[in-house]
Structure formats: structure tokens, C-alpha cells
Amino acid sequence: MSTVRHDRIHSLAPLAALALTAWATLVSPAHAATERFQDLQVEVIGSGRPLLMIPGLNSGAEVWRETCVALQPQVQCHLIQLPGFAGAPAVASDDFLSGMRDRLLAYSADRRLDHPAVIGHSLGGVLALQMAIAAPRKIGPLVIVDALPYFGAVQNPAATPATLRPMAEQMRAGMLAADATQYAAQTDAAVANMAHAPGQVATLKQWGRDSDRATTANAMYSMTMTDLREPIAGITTPVLVLGAWAAYQPFGATEASTRQVFATQYAALPGVRIEMSRAGYHFLMWDDPRWLQTQIRGFLDLPAAP
């Protein structure tokens, strides 16, 4: 990967790297009732194979609705709204990722979901990996959308939570100390090149502003302190990773160089399958929806779309 791209990623990280995801109302069947479970908000749609759908940082559950509708009637979607993001009530957590992982596993057990498939985008993808590491016999196939086992090592593969801790602490303190105008400008800039459509980018900006700042700061710190590059060796379920690279093409990235970053980070995961979108930006569910849906259908052995 070129030095130019490394510098670009570093200038956007961690906000750009962690996926401020969401999209407003999509054409779909009437929304099902949303229920609460241990600070999660979950909307269940359909009655087929259970599929937990986890959005990313500052994201609303709506990010997955179009994908869910496209996969009907073969899957039962569980659209997850994480607390503190996109206007959802916040909850205190010393380690955001571990806390959400435990809630998601508890939800699956409480609802008696049989080896549910899990699809997660960015931060949601890291949560999916954590779930499979913690409960390898209870979680089904994973679809990881533009997420890495350790975002902190994108610029420097030798980076570890220990070496990045001072930076992460400074980042969190800076986010919490910024005035409202500065913070809004930071979150707006982070999503400027995350999706193709200007309308979607505008929604991302609004959802970032609607998210609880302390939750966002703590979640980003948690991401920087969570390195799964070695623990993923314990995952036994099949894993499909869908990556994006096109947004960084003006800064020297190529599909091959970005694929190598993914391959390096997932090296410890036996049998992982990595596929790269040709044109989609970070939000592949919007920018390259048919490709993403086809990849999911094939991976989960679902019938082809009509």
C-alpha cells in the first residue's frame, strides 16, 4: 500500500476507518415492532434463517434494511440498533465492544436462535468476529463488510494496543473536549467519502451528530484497544469478508494493495474468503448492493434472487 494512502488513512482515522454508517428510510415492507433487550433495540423481519445484522459506528439499523428486504423470504432479519448511536439512548460501558458482544450473545441465547448467521459492517464486523471467538459453537457463518481484525494496524502492521494507547487516549480526550462546532466538522469530514450518493452522505452527517458523543469516543477507543488478529484463529465457522478500496484510488490505492491488507490481517483465520468490490465505497450495502446481495446469497446457500 502506498505511503500516500497510508497518510490519507491516518488523517481520516479513526473516524473514517470506523464507519459512521446509516441510511434513512428505504422502500420496504412496513416496519415490524422494535423490541428492547439489554439496551439493544431489535427489529425482527421475516421467518426464515436467523440473520443478525449489526451496523457500525454511529449507525442506525436502517443501514441493513434494503439488504434484508432483498434476502426475503429466506432469512429472518434481526436488525440491531446499538445504544448511543444515531439517536438511540446511550448506556455507560467501560469497554464498548465487549459490552455489546455480550449483549448480542445474550440476545441470541434468549431468543433461542440456532447458529444464527451474523453480518456486520465495520465496527459491527468486529463485533461479529468477537461473537464467533467467544462462542464458536453457537454462532453460524459470518459476513464481514469492510472491517478488519485490527483497525489500528492499517497504517503500521506492527502497531499494537499498547503502542497506540497514548494516541487513543489523546483522541478520546480531544473528542470530548471539542466544542460543538468543531466536533460536527470532524464527524462531517469523516464521512465525506464514505458513500457515492450525496443524499446518503448528508444522512451520515446527521446521524453522526445525533449520536452520543461519549459513546462514540468510548467506542473508538475500544476499537483501538481491540486487536483480533491472533484470536480469530479460534473461529470455526465459515467467514466471508467483503472489502472496499475504490474511495482511496485517488490517493494511490489499488485493488491488489488493499486486498493484501485484508489478507495480512486475516492471515490467522483458516479458510477465510475475501472478495473485493470493484466500485463501492465503504458502504457497500448502498454503493454495490446487487454485488453484496449476490455474495451473501451464495455464501449462505440461499436461492438466487428472482
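These figures come from a predicted structure and were not determined experimentally.
Contact detail for Leu142 and Ala128: the closest heavy-atom pair is CD1-O, 3.7 Å. What you find for Asn218 and Ser93 is that their closest heavy atoms are ND2-O, 4.5 Å. Taking all atoms of both residues into account, the shortest heavy-atom contact from Arg259 to Ile274 is NH1-O, 3.1 Å. For Ala246 against Ala279, the heavy-atom pair with the smallest separation is CB-O, 3.6 Å. The nearest pair of heavy atoms linking Ala253 to Thr258 is CB-OG1, 4.1 Å. Considering every non-hydrogen atom in both Phe151 and Asp146, the closest pair reads CZ-O, 4.3 Å.
Side-chain contact check for Ile119 versus Ile54: every heavy-atom pair is 4.5 Å or farther apart. You'll find the side chain of Gln265 stays beyond 4.5 Å of the side chain of Ile232, heavy atoms only. Looking at heavy atoms from C-beta onward, Trp286 lies out of side-chain contact with Met194 at the 4.5 angstrom threshold. The side-chain heavy atoms of Pro141 and Arg49, taken from C-beta on, include a pair separated by under 4.5 Å. In this structure, the side chains of Thr224 and Met167 come closer than 4.5 Å at one or more pairs of heavy atoms. Counting only heavy atoms from C-beta outward, the side chains of Gln74 and Leu300 never approach each other to under 4.5 Å. The closest side-chain heavy-atom distance from Val143 to Leu51 is not below 4.5 Å. Annotation: side chain of Ile296 is not in contact with side chain of Met285 (no heavy-atom distance under 4.5 Å).
Because its NZ or CZ atom is not both nearer than 6.0 Å to the ring centre of Tyr150 and within 45° of the ring axis, Arg229 does not count as a cation-pi partner of that residue. Arg273 forms no cation-pi arrangement with Phe299, by the criterion of a distance under 6.0 Å to the ring centre and an angle within 45° of the ring axis.
At least one donor-acceptor pair under 3.5 Å links the side chain of Thr163 to the backbone N or O of Thr160. Under the 3.5 Å distance criterion, the side-chain polar atoms of Gln81 are matched with a main-chain donor or acceptor of Ala61. Listed for the Ser211 side chain is a donor-acceptor partner under 3.5 Å among the backbone atoms of Ala86.
Taking the side-chain contact (heavy atoms from CB on, under 4.5 Å) definition, one finds that Pro289 meets it with Glu66, Gln293, sequence neighbours left out. Under the side-chain contact (heavy atoms from CB on, under 4.5 Å) criterion, Asp179 pairs with Thr181, Gln182, not counting sequence neighbours.
To the nearest 0.5 Å, atoms CE (Met131) and NZ (Lys138) are separated by 11.0 Å.
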Run the side-chain contact (heavy atoms from CB on, under 4.5 Å) check on Trp291 and Leu242 step by step: do they pass? CA-CA 10 Å; Trp291 176 81; Leu242 304 178; 3.7 Å; yes
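In this structure, Arg172 does not pair ionically with Glu169, as no charged nitrogen and carboxylate oxygen lie closer than 4.0 Å. A salt bridge between Arg209 and Asp188 is present, with a side-chain N of the basic residue lying under 4.0 Å from a carboxylate O of the acidic one.
The aromatic rings of Tyr281 and His196 stand perpendicular to each other, their planes meeting at an angle above 60°, with 30° marking the opposite boundary.
Legend: ring-ring contact (aromatic ring centres under 6.0 Å, His included) pairs involving residues 84-103, not counting sequence neighbours, sorted by first then second residue: Phe85-Phe96.
Under the 4.5 Å side-chain contact rule for hydrophobic residues, Phe37 and Leu97 share a cluster.
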